[in-house]
Amino acid sequence: MVPVVAGVILHEERVLIARRPPTGHLPGLWEFPGGKVEWGEDRRAALSREIREELGIDVEITRELMVVEHAYPDRRVAITFYLCSLPEGTDAPGGETLRWLRPDELEERSFPPANAELIELLKGKDW
Ligand code: DGT
């Protein structure tokens with residue numbers, strides 16, 4: 001089981017999604033920024049590290065939202081999703097592979113199947 005962490009970064013009632021590369025595992029799908037937890041690493045520390053690597057910012061981790069276990073043909077993952085926010089004074093990251101969407105817009109995008117339950121939860125959220 002591969003432990004994975006991912007952040008639902010909420011800013012001005014929108015959440016940030018990132019597009020996976022066009023090649024490799026789950027090509028071109030949208031996801032929440034994050035990645036694998038390294039051996040012996042604390043999950044929240046792993047999330048801070050991944051977001052710093054991917055987006056170049058520090059986020060505040062607010063709370064855990066849900067844990068989802070999922071089996072892909074070639075691997076099993078346990079993904080812990082955390083609600084995050086941008087610290088005061090941090091500019092919202094942007095770019096070609098990033099989108100800020102309202103929770104009800106998320107279901108229009110293609111996500112890995114492991115994200116279905118989270119998307120459903122977020123859809124009903126009135127932050
Ligand atoms: P690899 O195996 O080194 O080529 O790297 P990836 O691309 O499999 O690694 P990574 O760090 O993105 O791992 C995250 C795993 O969790 C990957 O199997 C995709 C899966 N996953 C499902 N939903 C999400 C999500 O919303 N965010 C992230 N970051 N991963 C997700």
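As the structure lists them, so they are numbered: ligands from 1, and atoms in each ligand from 1. Worth saying up front: this structure is predicted, and the values here are computed from it rather than measured. All residue numbers refer to positions in the sequence shown, counting from 1.
- Of the heavy atoms in Val2, none comes closer than 4.0 Å to ligand 1.
- Close approach of ligand 1 to Gly34 is summarised as follows: ligand atoms under 4.0 Å from at least one heavy atom of the residue are 29 (N).
- Atom 16 (O) of ligand 1 has its nearest heavy-atom neighbour, among Asp74, Val8, Val4, in Val4.
- Applying the 6.0 Å contact sphere to CD of Glu41 captures more than 12 heavy atoms from other residues, nucleotides or ligands.
- The nearest non-hydrogen atom to atom 5 (O) of ligand 1, considering only Lys36, Glu54, Glu31, comes from Lys36.
- If you look at Leu118 next to ligand 1, there are no close heavy atoms at all, none under 4.0 Å.
- Ligand 1 does not have His70 within reach: every non-hydrogen atom of the residue lies 4.0 Å or more from it.
- Proximity annotation for atom 23 (N) of ligand 1: of Val68, Asn115, Ile119, Asn115 comes nearest, heavy atoms only.
- Near Ala6, with a cut-off below 4.0 Å to any heavy atom, the atoms of ligand 1 are 27 (N).
- Of the protein's non-hydrogen atoms, Arg20 NH1, 3.1 Å is the one closest to atom 12 (O) of ligand 1.
- Distance from atom 21 (N) of ligand 1 to its nearest protein heavy atom, with residue and atom name: Ile79 CD1, 3.7 Å.
- Considering Glu107, Glu105, Glu108 as possible partners of Lys123, the one that fulfils the salt bridge (Lys or Arg N to Asp or Glu O under 4.0 Å) test is Glu107.
- For the pair Phe81/Leu118, a side-chain contact is recorded, criterion being any heavy-atom separation below 4.5 Å from C-beta on.
- Of the charged side-chain nitrogens involved, none lies within less than 4.0 Å of a carboxylate oxygen, so that Glu13 and Arg102 do not count as a salt-bridged pair.
- Here the straight-line distance linking atom OH of Tyr82 with atom CZ of Arg63 works out to 13.0 Å at 0.5 Å rounding.
- Taking SG of Cys84 as the reference point, atom CZ of Arg44 lies at 8.5 Å (rounded to 0.5 Å).
- A distance of 11.0 Å separates CZ of Arg49 from CG of Asp42, quoted to the nearest 0.5 Å.
- A cation-pi geometry, defined here as NZ or CZ lying under 6.0 Å from the six-membered ring centre and within 45° of its normal, holds between Arg109 and Trp30.
- Under the 4.0 angstrom criterion for non-hydrogen atoms, Phe111 is not in contact with ligand 1.
- The single protein non-hydrogen atom nearest to atom 17 (C) of ligand 1 is His25 CD2, 3.7 Å, given as residue, atom name and distance.
- Close to ligand 1: Arg75, with a non-hydrogen atom less than 4.0 angstrom away.
- In terms of heavy atoms, Phe32 sits closest to Ala6 at O-CB, 3.7 Å.
- Using a 4.5 Å heavy-atom cutoff, the side chains of Ile119 and Pro103 are not in contact.
- If you number the atoms of ligand 1 from 1 as listed, the ones under 4.0 Å from a heavy atom of Leu26 come out as 19 (C).
- Of the options Phe32, Tyr72, Phe81, the smallest heavy-atom separation from atom 27 (N) of ligand 1 is shown by Phe32.
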